[in-house]
Amino acid sequence: VQLVEAGGGLVQDGGSLRLSCAASGLTFSIYNMAWFRQAPGQEREFVAVIYWSDRNTYYRDSVKGRFTISRDNAKNTVYLQMNSLKPEDTAVYYCAADRSAGGTNLAEYDYWGQGTQVTVSS
């Protein structure tokens, strides 16, 4: 199984980025897909999840209204559209796949990508 993130970079406060995560080696359409992030010196934290069964989504409070998670099962890809970015969004962003509950706990996730750096300058 491989999850490969792309789309990170340097952006100014208030800017936008779109991350993508291409999956291979798994039946993508029946996996819950999530984004997590990890800032320097901090623990990895949940950002958003999209469920395979009904495409419902769930976000951490600090990104609600600014970030949108979506998936394209035909392309085996999950996306994270990030708008109105803030310096506190600076982190390495990881996508993850889970076949069961797909919650906010990173321990529930079976597969992880290598991460992509997002830096928001003030």
request  = Taking the side chain as every heavy atom from C-beta outward, state whether Y31 and Y111 have any pair of such atoms under 4.5 Å apart.
outcome  = yes
ask   = So is R44 actually on top of Y94's ring, under 6.0 Å and inside 45° of the axis?
value = yes
note = Heavy-atom nearest pair, F46 first then Y59, reads CE2-C, 3.9 Å
task = Could you tell me which residues satisfy ring-ring contact (aromatic ring centres under 6.0 Å, His included) with W52, sequence neighbours excluded, listed by chain and number?
result = none
task = Quick one: pull up CD1 in I50 and CZ in R55 and give me the separation to the nearest 0.5 Å.
result = 6.0 Å
query = Is there a side-chain contact between V49 and M33 (heavy atoms, below 4.5 Å)?
reply = no
Hphob cluster co-occupancy, V78 + V1, side-chain heavy atoms under 4.5 angstrom = yes
task = Please answer: with hydrophobic residues joined when any side-chain heavy atoms are less than 4.5 Å apart, are W35 and L3 in the same cluster?
result = yes
task = Using atom types as modelled and distance alone, determine if a side-chain donor or acceptor of N32 lies under 3.5 Å from a backbone N or O of S100.
result = yes
message = Using a 6.0 Å distance limit plus a 45 degree cone around the ring axis, check whether R71 lies over the aromatic ring of F28.
response = yes
query = Should D13 and S121 count as side-chain neighbours, where that means a heavy-atom distance under 4.5 Å?
reply = no
message = Can you see whether N83 engages S16 through a side-chain donor-acceptor pair at a distance of less than 3.5 angstrom?
response = yes
inquiry  = By the salt bridge (charged side-chain N to carboxylate O under 4.0 Å, His left out) test, which pairs, at least two apart or in different chains, include something from residues 76-92?
reply    = R37-D89, R66-D89
query = Linking I/L/V/M/F/W/Y whenever their side-chain heavy atoms sit closer than 4.5 Å, directly or via other members, would Y51 and Y109 fall into one cluster?
reply = yes
Partners passing side-chain hydrogen bond (donor to acceptor under 3.5 Å, both in side chains) against T119 (at least two apart in sequence or in another chain) = Q117
